[in-house]
4 protein chains.
Amino acid sequence: MVTTRTSGRGAADGAPVPDRLLAVATRLFAAQGFERTSVQEIVDAAGVTKGAMYHYFSSKDDLIREIYRRLLGLQTRSLERIADGPGTAAQRLREATADVVVSTLAHLDDGVVLMHSLHLLAPHIRAQVRAERRRYHERFRALVAEGQREGSVRADISPDLATHHFFGAVHHLGTWYRSDGALRPRQIGEGLAEMFLNGIAVQRP
Amino acid sequence: MVTTRTSGRGAADGAPVPDRLLAVATRLFAAQGFERTSVQEIVDAAGVTKGAMYHYFSSKDDLIREIYRRLLGLQTRSLERIADGPGTAAQRLREATADVVVSTLAHLDDGVVLMHSLHLLAPHIRAQVRAERRRYHERFRALVAEGQREGSVRADISPDLATHHFFGAVHHLGTWYRSDGALRPRQIGEGLAEMFLNGIAVQRP
Amino acid sequence: MVTTRTSGRGAADGAPVPDRLLAVATRLFAAQGFERTSVQEIVDAAGVTKGAMYHYFSSKDDLIREIYRRLLGLQTRSLERIADGPGTAAQRLREATADVVVSTLAHLDDGVVLMHSLHLLAPHIRAQVRAERRRYHERFRALVAEGQREGSVRADISPDLATHHFFGAVHHLGTWYRSDGALRPRQIGEGLAEMFLNGIAVQRP
Amino acid sequence: MVTTRTSGRGAADGAPVPDRLLAVATRLFAAQGFERTSVQEIVDAAGVTKGAMYHYFSSKDDLIREIYRRLLGLQTRSLERIADGPGTAAQRLREATADVVVSTLAHLDDGVVLMHSLHLLAPHIRAQVRAERRRYHERFRALVAEGQREGSVRADISPDLATHHFFGAVHHLGTWYRSDGALRPRQIGEGLAEMFLNGIAVQRP
DNA sequence: TATGAATGAGAATTCATTCAT
DNA sequence: TATGAATGAATTCTCATTCAT
């Protein structure tokens, strides 16, 4: 249902219509919420008509589904690249945590939309998105467990709880991060990684 | 605008109408979201008419505002009781983190509602709620800073970042906690407190 | 249904409750219109409760009916006093026109309310008010006709049309008169009387 | 917001939807008042759905605004055509007064709507309409003043007051005129013009 | 006399979606 | 591919009035 050929009638900018719609929708959903944003607003901001939107997306829900799909795909690939890479579990864990934070900050709007709108979707879509997110969390949890086996992570903590602990901080970023604030994404990533890893690390005697 | 006298006309149960409305609204908002829940649904579930609701609350937003007010008041008082109590900063920090988790789990619906609906409110209400939440976070941050001064908390971490780190985990609870899951609130509270405090603690040699 | 005993609980000022309600209602109806003014607003402004209002007046319509009744009674008595008094028809006509203008300006709010709200009333009430107004116009028309018989008013004009002509100007006063404007009520009364009488007078050779 | 293409789907009659809505709304507003007429009634009578109405008009107020706009435009053009035409001031004044009366009677419903509903509009719209009406009155006032300069109108009357005097009679027409009454519009126009002009004219010796 | 909680019917408006062109 | 008029159902909120106390 989604094509990518560049629109014939060049509107706002040169990007293909579906991409423009997604970008605009992401921005508006993040700013005002999914339900507060009308299809009319989206198409106006994207410089197209409703008919055009319904040509590319089957519904308003479909828009958000696509936003989720892209975000989760991106994050999953990034995590897997690191988690399946070289190094000790502790090293990969540190690299992954910092990377997740930085990449989340780079796509903050998408994350905010997901946080605020997931519960509004039709149940079966919601289930789909949750399943994908679970796979993602699971890969992280496995890394923690690997750390326990290699002796760098405390054996007495629950890998599940540790994963929730970390992703809580990640999902919370959208609530307080300001791009004009004192801390740079890199610093935040390293700061959170340090605290998190310290929190689950075996104490060096 | 809210009185507490028990309704004269026999309604669903004995609680005063405003309380009944708030309880029902909290449950529905948490389950389906604020925007997906109609005023009609709320009053039907509470066994009153729309007119009655608008007699006590000036709008649908007013309902959610009141839910927030009660929740934040509760949490603030609880945190202050502990933070201003006896013991070293490290002891109070541990007690407070575990308590926040347990009390959040005890009012999970309210927290979920706040998380999902805050961004829908009128800007000035949102600002108000955020200000109150900021005071709350600030009290926690001060406790972390106090720990740094007494030497129990690492000097190289940012108390702000640490606070966000912890409250991220707290706000995330509603996403994964199931009352029929493996972990009891107490255990979760202690597990998170352990990880968090370990993460920011000065390493004992 | 309307009593006049002074209210026991002295609210806003000392006037009896029904009078206070009528005064407040007149002011509000004139300012915002009948339908835009809620019963709640009226009772709030009068410093009483809804129950009290419904004790004295059977409905919101009843309030306006009473405003009309008082205004029309006042004007009718005033007109009759002059019309039935001494002097030539021409003298009485001049006196009456000036007096109607002055008295209309003195009760401008009531007149505005009548103008804007008459068409909203239940048909039988409307018919009642119109009948009373017709009697009032009729008395004026008779005076014009008397002028024709005594030779001071042109025979070729329609007394009906002349009456409408004059009362048009009177009803229009509320649209443009400002108490802080350049002209005093007395001057307006005399100006309008002069123009009107000149317009219908037999030309003196 | 208003297009004129004839509706595709077969509706009541052939006129474009916006025109049909305005015609129907004018009739209903005049008969029952603006506030007593629901949007549902209007769209039912026009044979369209509410959605269609809101496609063309942004609100119920917008309907009335458009009715005003059309009426005032019509009357202004008509008055200017005469006032700026040939002839002495006295001649143009007579022609204008008669014409205003006849044209007002030809659009009686619109005038009644304006009289009864202007005070209900949002302040800034009201101000806009009043400004336009003021320009209209001003053109008439200028004509009276011109008559004073040419010596045909008495110097001791206020052109302002004379204008209010005349437009009072005009606005009052809707209150008493019946199309099945004894007087034809032409006769009423001439009768009122005669009285008005006589009232302000310099007496011929 | 007076209170004010509660009713219940109805108001305007919004909006995702469809479909003839 | 794209348009935009039209649908129709749902939504929040208002308000005159009643009635147990």
Side-chain angles (χ1 to χ4, degrees), chain A residues 3 5 7-9 11 17 35-43 48-63, chain B residues 1-3 5-11 16-18 35-43 47-63, chain C residues 3 5 7-9 11 17 35-43 48-63, chain D residues 1 3 5-9 11 16-18 35-43 47-63:
Chain A
T3 70
R5 198 162 56 72
S7 151
R9 315 239 260 104
V17 169
E35 305 248 35
R36 291 282 228 253
T37 305
S38 69
V39 170
Q40 191 64 57
E41 265 182 288
I42 297 170
V43 298
V48 302
T49 61
K50 281 211 267 226
M53 197 214 92
Y54 279 98
H55 179 72
Y56 291 111
F57 299 94
S58 63
S59 68
K60 195 183 167 191
D61 275 26
D62 197 28
L63 271 176
Chain B
M1 167 148 280
V2 175
T3 69
R5 196 163 59 72
T6 298
S7 154
R9 309 280 201 96
V17 169
E35 307 246 32
R36 290 283 226 252
T37 305
S38 72
V39 170
Q40 193 60 59
E41 270 181 286
I42 297 170
V43 299
V48 301
T49 61
K50 271 201 277 221
M53 195 213 94
Y54 279 98
H55 182 69
Y56 291 108
F57 300 94
S58 62
S59 65
K60 194 183 166 191
D61 275 26
D62 199 26
L63 272 176
Chain C
T3 71
R5 197 161 58 73
S7 154
R9 314 236 261 107
V17 168
E35 305 248 35
R36 292 281 229 252
T37 306
S38 70
V39 170
Q40 192 62 58
E41 265 181 289
I42 297 170
V43 299
V48 302
T49 60
K50 280 210 269 226
M53 196 213 92
Y54 279 98
H55 180 72
Y56 290 111
F57 300 94
S58 64
S59 68
K60 194 183 167 189
D61 275 24
D62 197 28
L63 271 176
Chain D
M1 166 148 283
T3 69
R5 197 161 59 73
T6 300
S7 153
R9 310 280 201 97
V17 169
E35 307 247 31
R36 289 285 225 252
T37 304
S38 72
V39 169
Q40 193 62 58
E41 269 181 285
I42 297 170
V43 299
V48 300
T49 60
K50 275 204 272 223
M53 196 213 94
Y54 280 98
H55 181 71
Y56 290 108
F57 300 94
S58 63
S59 66
K60 195 181 164 190
D61 275 25
D62 198 28
L63 272 176

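Labels below follow one simple rule: chain letters A, B, ... track the order of the sequence lines, proteins then strands, and each chain is numbered from 1.
- Using a 4.0 Å cut-off, some side-chain N or O of C/Y56 falls inside it from OP1 or OP2 of E/dA2.
- D/E41 and D/R36 make their closest contact through OE1-O, 3.5 Å (heavy atoms, listed as atom of the first residue, atom of the second, distance).
- Atom CE of A/M53 sits about 8.0 Å away from atom OG of A/S58, to the nearest 0.5 Å.
- Minimum heavy-atom separation, B/V48 to B/A52: CB-CB, 4.0 Å.
- The two residues D/S59 and D/Y54 make their nearest non-hydrogen contact at CA-CE2, 3.9 Å.
- Regarding A/F57, its CZ atom lies at a distance of 14 Å from the P atom of F/dT1, rounded to whole Å.
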Response to the item:
Per-nt protein contacts along nucleotides 10-17 of chain F (heavy atom under 4.0 Å; B base, S backbone sugar-phosphate only, - none) come out as --BBBBSB
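- Pairing each heavy atom of D/Q40 with each of D/K50, the nearest pair is OE1-NZ, 3.0 Å.
- Among all heavy-atom pairs drawn from B/D62 and B/F57, the shortest one is OD2-CA, 3.5 Å.
- Under the side-chain contact (heavy atoms from CB on, under 4.5 Å) rule, B/L63 has a single partner from B/I42, B/T37, B/V39, which is B/I42.
- When the P atom is compared between E/dT1 and F/dT21, the two are found 23 Å apart, to the nearest whole Å.
- If you measure from atom CG of A/L63 to atom P of E/dA16, you get 11 Å, rounded to the nearest angstrom.
- A rotation axis mapping the C1' atoms of four pairs onto the next four is fitted at both ends of the helix from E/dA2-F/dT21 to E/dT21-F/dA2 over five pairs, and the angle between these axes is 10° to 10 degrees.
- Note: NE2 (C/H55) to P (E/dT1) measures 5 Å, nearest angstrom.
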